[in-house]
Amino acid sequence: MFSKVLVANRGEIAVRLLRALRELGVASVAVYSEADREALHVRHADEALLIGEAAPAASYLNIERILDAARRSGAEAIHPGYGFLAENAGFARACVEAGLTFVGPPAEAIERMGDKVAARKAAVDAGAPVVPGTLEPVKDAGEVRAFGAKHGYPIAIKASFGGGGRGFKVVESEGELEDALASAQRESSLAFGRDEVYLERYLEGARHIEAQILADQHGTVLFLGERDCTLQRRHQKLVEESPSPVVSDGVRRRLGEASVAIARQVGYVNAGTIETLLESDLDNFYFMEMNTRLQVEHPVTELCADIDLAKWQVRIAAGEKLPFTQDDIAPRGHAIECRINAEDPAKKFFPAPGRIAAYVEPSGPGVRVDSGFGPGSEIPRSYDSLIAKLVVWAEDRDEARARMARALDEFVISGVKTTIPFHRMIMDNPRFAAGEISTSFVENELDLSGLRQPATPAPAGPAAIGERTLTVEVGGKRFEVAVSGLGSDAPAATAVARPVPPQADPKARSAAAGVKETVRAPMQGTVVKMAVAAGDAVKAGELLIVLEAMKMENHITSPRDGNVVEMHVSAGQNVETGASLVTIE
Ligand code: MV4
């Protein structure tokens, strides 16, 4: 076993890994950026080293600075966590060249799976089912047209070096194909510096099922069960569970065999995840890609399989042998994870960074909280918005849902808006309760605009019992007033879920003569394409502008039929949320 390991990450996953090292009796090193001087993960390590400024490129993504921190501290191995450098084959290689152990798969396996076309070939070679599609990158629209003629529509265009929904486009018909291809290529080069794309038949109403793999250096490859990650929004997972409520024993057995075969095919070692789509018939699954890291949602597998994945990652990297076989793996019960993000679910999950005021974690039977923050913590704007993962285990799914609802009610976070009210509503949603959702559920079937954040609890102490003091300004003069019946007496989260009202046929909304309507930017971003010009006649739903935000392209369409009377922006321009884009009359 190593005597000292460096954790090249931050937030909840750094805390998770530092805890694992402490339990293993291995000395730990944290690294932190200037934005994370007060961060919780720093306090969980035996020593901590500042590696650079807040910008990820200057710190958590900076290979040289991380290797230097390892040298300075005398660490023998580096655990990358997820995100940042976790799936960077160059980093894995640089570790080895510096005489350090990378706690993860061999660089060759990361590289092979990072190329999604090569990954599809590996899956085919392993005899696993892959989504019908190309086994080479496509170069031009003619190839897409030929694929459509052969396999029909819709078609999925995907970035060969992509992930996370970037460079992913669905083509519904031949007419959309050229624009979609160009858009996927632009998005892909922007996000990944390469514009190769490939094609798949688009599977409608599919579920997102992933398989957890754990492999040692001695030829043991285990399947530890599946996770259902269907509940997402814009490719951001929100709720994960294990087992999947819709995976039969037969599908599970085939999924496990296929996943192990794929891992063996690429010489995989350490923890990894095979991502699949399960068709709406709930019988056919298809390999999509492999994630060569420990995933955010690994705790649901840990709770059901009763295995500590983080500790096994370190032991495997140190050369230890897995002491069990596939026959010893018998996942039990049901686990659910909710991602508690600093985001406002009523405002399209807009990031809500800031300083946490009150923070009280739930506890009690079957509850686990993996958190990177606490009372007074700052959620910096520079990184993702994950505050904590709330994970529960129970004997069955209904008990797990009830336990999660109870734990969500106990969880107090004030000072920043969070996804807690969203999750609380989901736990009672009849469709979720029945396990009947697809990947479009959050976007198409929920109206979240009425979701309310819980009232800020009154501060602890005598004031919390009956009375608290507020400062009010009346006519510019400040008064101290004692009020009662506020704070802790206020109702808890009122979660309102209403079905989305049927959309009026946009075509029926014809242009009311002389009435102007200005289309505004739904988010801050860069105008990358102007699809119309002043004077053009447009139809409801027609593309007006392509707005790139957070490396994703957003199509801004016309709310109704009419004429473009004014363009307020031009290509290349940066716009703020709410900025006027196009006026239609
Ligand atoms: C698909 C698909 C249907 N058919 N591929 C979205 C991001 C990328 N990782 C893969 N994605 C999808 N690929 C084919 N051939 C549907 C999705 C998809 C999706 C997949 C998993 C979880 C959520 C999703 C939400 C929308 C679309």
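When a ligand or atom number is given, it counts from 1 through the structure's own listing order. Numbers here simply count residues along the sequence, with the first being 1. Being a predicted model, the structure only gives us computed values, none of them experimental.
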Between Glu275 and ligand 1, is there a nitrogen or oxygen pair with a distance under 3.5 Å?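 No, no N or O pair falls under 3.5 Å.
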Tyr202 to ligand 1: N or O pair under 3.5 Å?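 No, no N or O pair falls under 3.5 Å.
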Nearest protein heavy-atom contact for [atom]: which residue, which atom, what distance?
{"atom": "atom 9 (N) of ligand 1", "answer": "Glu289 OE1, 4.1 Å"}
{"atom": "atom 8 (C) of ligand 1", "answer": "Gly165 N, 4.5 Å"}
{"atom": "atom 19 (C) of ligand 1", "answer": "Thr439 CG2, 4.0 Å"}

What's the separation between atom CD1 in Ile545 and atom OG1 in Thr557, rounded to the nearest 0.5 Å?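 If we round to the nearest 0.5 Å, Ile545:CD1 and Thr557:OG1 are 11.0 Å apart.
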Describe, in one word, how the ring planes of Tyr383 and Phe84 are oriented to each other, choosing from parallel (under 30°), tilted (30 to 60°) and perpendicular (over 60°).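 Answer is perpendicular, since the angle exceeds 60°.
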Tyr153 six-ring centre to Arg145 NZ/CZ under 6.0 Å and within 45° of normal: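 No, Arg145 and Tyr153 do not form such a contact.
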I'd like to know if Glu204 contacts ligand 1, where contact means a heavy-atom distance under 4.0 Å to any ligand atom.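 Not so, Glu204 does not reach ligand 1.
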Look at Arg16 together with Asp308 and state whether they make a salt bridge at an N to O cut-off of under 4.0 Å.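 The answer is yes: the pair qualifies as a salt bridge.
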Between Leu277 and ligand 1, which part of the residue brings a heavy atom under 4.0 Å of the ligand: side chain, backbone, both or neither?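 Side chain only.
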Scan side-chain atoms only and decide if His79 and Gln313 contain a donor-acceptor pair under the 3.5 Å cut-off.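 His79 vs Gln313: donor-acceptor pair found between side chains.
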